[in-house]
Number of protein chains: 2
Amino acid sequence: MNIGEIARRSGVSRSTVSYALSGKRSVSEATRQRIQSVIDELGYRPNAAARALKEGRTRTLGLVVPPVRDRLTFMQLDFVASVMAAADRADLDVLLSPAADDHDRSFERIVGGRRVDGVILMEVRLKDPRVERLRDMGLPFVTIGRTTRPQDTCWVDVDYASLAERCTNHLVDLGHRHLALVNRSAELVASGYGPAHRAREGFNEAVARRGVEGFEFCCADNAAAGESCVQEILRTHPEVTAAVTVNEAALPGVQRALDRAGLEIPARFSVAGVAARYWAEQFHPELTAADVPAADMGAAAVEFLIGRIAEPDSPPPHHLFTPPISLRNSTGPAPTPR
Amino acid sequence: MNIGEIARRSGVSRSTVSYALSGKRSVSEATRQRIQSVIDELGYRPNAAARALKEGRTRTLGLVVPPVRDRLTFMQLDFVASVMAAADRADLDVLLSPAADDHDRSFERIVGGRRVDGVILMEVRLKDPRVERLRDMGLPFVTIGRTTRPQDTCWVDVDYASLAERCTNHLVDLGHRHLALVNRSAELVASGYGPAHRAREGFNEAVARRGVEGFEFCCADNAAAGESCVQEILRTHPEVTAAVTVNEAALPGVQRALDRAGLEIPARFSVAGVAARYWAEQFHPELTAADVPAADMGAAAVEFLIGRIAEPDSPPPHHLFTPPISLRNSTGPAPTPR
DNA sequence: TTGTAGGCGTTATCAT
DNA sequence: ATGATAACGCCTACAA
């Protein structure tokens with residue numbers, strides 16, 4: 001079924017059908033209705049490929065997600081969901097691309113084949129070849145997280161440095177003098193993953209300024225790793241009474257390790273951090289944490305991207321989210337040594 | 001950058017470039033190399049829309065996911081991830097459509113606009129208008145879950161009836177005489193959601209056959225609902241000593257309610273069910289459960305769909321997954337009444 | 001108010 | 001081994 005067939009059956013030309021549909025020039029009410037009834041009867045829909053070819057745009061957004069080896073974190077999933085929802089509101093489709101770098105076939109197809117009008121790039125690293133590629137292609141894009149040259153790209157990000165710092169300060173204020181940072185995995189740190197680097201900086205900064213002791217531990221994004229990470233903390237640094245965590249996927253393991261060690265939260269051990277609200281509330285007692293506003297970030301990313309598609313040469317906007325730390329029940333005064 | 005430009009710079013015709021790329025007719029090694037070097041230099045990629053228009057296929061799969069109000073369950077997420085991975089392996093792109101019924105604009109765009117070669121439909125209901133629509137369109141599709149007329153569609157599903165039955169039998173074998181079923185939400189049941197209906201059937205069947213008492217409780221897909229659901233079970237039926245659950249998202253709440261009621265698992269209360277392995281292992285003690293093989297199901301769905309795209313008139317295959325129940329530590333002998 | 005015709009970038013048929 | 005050309009379905013400038 002194509003526009004020619006509709007035109008034939010309506011007894012008009014193809015252009016009239018096209019205009020009746022787009023409204024870009026006036027069509028007499030009588031013919032408009034006749035055309036519409038034929039369309040309804042046959043269930044005609046314009047072919048998206050033909051339209052894309054002619055118009056030079058696809059009305060589709062690319063969403064580049066980390067390929068699934070370790071499961072996506074809730075934060076990432078919330079983000080995907082909110083991008084979907086925001087795109088849907090704007091009548092845009094979302095094409096998924098599981099790609100960690102610019103050589104992944106999927107990335108190549110979507111970007112090289114001009115399958116999308118713009119791209120949202122999740123989990124960018126400080127130096128990210130995909131960003132270079134998109135820039136070279138002249139394809140509008142928004143990154144989640146910033147690269148090392150944030151001023152000339154469009155991004156949304158979470159201010160991990162300041163959040164880690166504030167969590168640390170909160171714990172020091174409560175009297176804790178020996179703190180651990182449960183960071184993301186060593187691989188992520190090694191690959192130049194911004195949040196991990198900035199969480200470290202913020203933690204180290206706060207620890208130094210307040211004159212207390214801080215130990216950083218890298219931890220893979222899963223519960224088992226969280227459990228063994230906390231076990232290691234307790235073994236190697238028994239004096240530690242509080243932890244800052246930016247690793248939400250490790251939280252259930254953190255919980256379990258503390259439970260098993262008989263360290264009641266927050267009486268004997270305090271935990272504060274950054275997490276999707278879901279995980280914070282899943283923690284027991286509920287976690288004092290900065291709730292990453294993944295939904296807002298997804299909506300902002302889509303909004304930015306739509307703007308850049310419309311005006312590619314406008315200065316790229318960005319937004320650094322610094323959500324407040326919700327005081328819940330996982331932090332308390334440092335236990336008095338006995 | 002288009003094929004004409006490559007042809008011009010290589011000093012050949014467009015068709016030669018096309019054939020050099022596709023290999024569908026022989027091209028002399030010399031010209032092939034010349035063309036290739038021009039392509040490499042300019043970074044040319046065939047335009048996907050033009051190709052789709054000409055070839056009549058998009059090399060894209062549509063994945064229809066439930067729109068995000070309640071968060072997607074892990075099972076669903078695993079499924080999305082595995083579809084992505086399987087599609088990627090087959091060099092197919094995935095277009096996302098958040099749609100609960102056939103009138104959702106996103107569904108309409110993707111299906112009506114022929115944006116995809118085939119569709120994977122998640123969370124189908126027993127009677128699902130999207131299925132009718134796809135059938136009418138003649139677009140190949142695979143459903144996750146079966147409708148009431150499973151023989152003439154292509155699907156993969158989990159055998160909830162038999163799994164619920166087997167969990168129930170296991171608990172009865174252990175001496176439990178008063179059991180509860182923690183089912184999915186009342187809305188899902190009302191809307192004709194297959195797994196919820198079939199879990200109920202399997203549970204009722206087993207309970208009747210074994211001559212024990214069974215109570216069904218509907219429960220929304222989140223932890224809070226799980227907690228209040230268990231509280232209600234304990235309040236209204238204090239004689240219940242075991243629960244069968246098909247609601248993985250409720251598990252953390254189930255756990256919390258039992259903990260708070262002081263009912264040790266499995267000494268005082270047993271739980272068995274169906275869940276993504278992740279949740280089963282997250283439970284404490286680990287949950288005796290049938291682990292839904294979401295990854296296998298996603299891969300199978302993609303495989304089926306590719307087959308149907310290739311041969312739309314072949315008899316539609318389907319596969320009912322009946323994963324074994326992994327005996328873990330959440331089930332034990334019924335407590336002796338005191 | 002409506003029709004005609006060209007072109008978007010590809011692939012493939014028919015020539016050479 | 002290669003080239004010219006028509007078609008895929010749509011949109012829109014130009015003409016009437």
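Bear in mind that the values here come from a model prediction, so they are computed numbers and not experimental data. Chain A is the first sequence line, chain B the second, and so forth, proteins listed ahead of strands; every chain is numbered from 1.
For A/Tyr44 and B/Arg14, each mapped to the nucleotide of DNA chain D holding its nearest heavy atom, the one lying further toward the 5' end belongs to B/Arg14. Nearer the 5' end of DNA chain C, as judged by each residue's closest nucleotide, is the contact made by A/Thr31, out of A/Thr31 and B/Asn2. Residues B/Leu53 and B/Ser28 each lie close to DNA chain D; by heavy-atom proximity, the contact nearer the 5' end of the strand is made by B/Ser28.
Between A/Met122 and A/Val65, the shortest heavy-atom distance links the atoms SD-CG1, 3.8 Å. Between B/Phe79 and B/Ala294, the shortest heavy-atom distance links the atoms CD1-O, 3.8 Å.
Between A/Ile309 and A/Arg57, the closest side-chain pair of non-hydrogen atoms is not below 4.5 Å. Counting only heavy atoms from C-beta outward, the side chains of A/Phe304 and A/Thr143 never approach each other to under 4.5 Å.
Of all nucleotides in DNA chain C having an atom under 4.0 Å from a heavy atom of chain A, the first and last in 5' to 3' order are C/dT1 to C/dG9. Protein chain B contacts DNA chain D from D/dA1 to D/dG9, reading 5' to 3' and using non-hydrogen atoms of the protein with a distance under 4.0 Å.
Across all strands shown, A/Ser15 has heavy atoms under 4.0 Å from base atoms, whether or not it also approaches the sugar-phosphate. Residue contacts shown for A/Ser18 include a base, since a base heavy atom lies under 4.0 Å away. Using a 4.0 Å heavy-atom cutoff across all strands shown, A/Gly113 reaches no nucleic acid atom at all.
In this view, A/Glu29 and A/Arg32 satisfy the salt bridge (Lys or Arg N to Asp or Glu O under 4.0 Å) rule, not counting sequence neighbours. Considering only residues two or more places apart in sequence or on other chains, A/Arg89 meets the side-chain contact (heavy atoms from CB on, under 4.5 Å) condition with A/Ala85, A/Ala86.
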Donor-acceptor pairs under 3.5 angstrom involving side-chain atoms of residues 44-51 of chain A: please list them, not counting sequence neighbours.
| unit_1 | atom_1 | unit_2 | atom_2 | d |
| --- | --- | --- | --- | --- |
| A/Arg45 | NE | B/Glu108 | OE2 | 3.0 |
| A/Asn47 | OD1 | A/Ala49 | N | 2.7 |
| A/Asn47 | OD1 | A/Ala50 | N | 2.9 |

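Within the structure, the ring pair (Phe, Tyr, Trp, His ring centres under 6.0 Å) test picks out the following pairs touching residues 118-157 of chain B (sequence neighbours left out): B/Trp155-B/His318.
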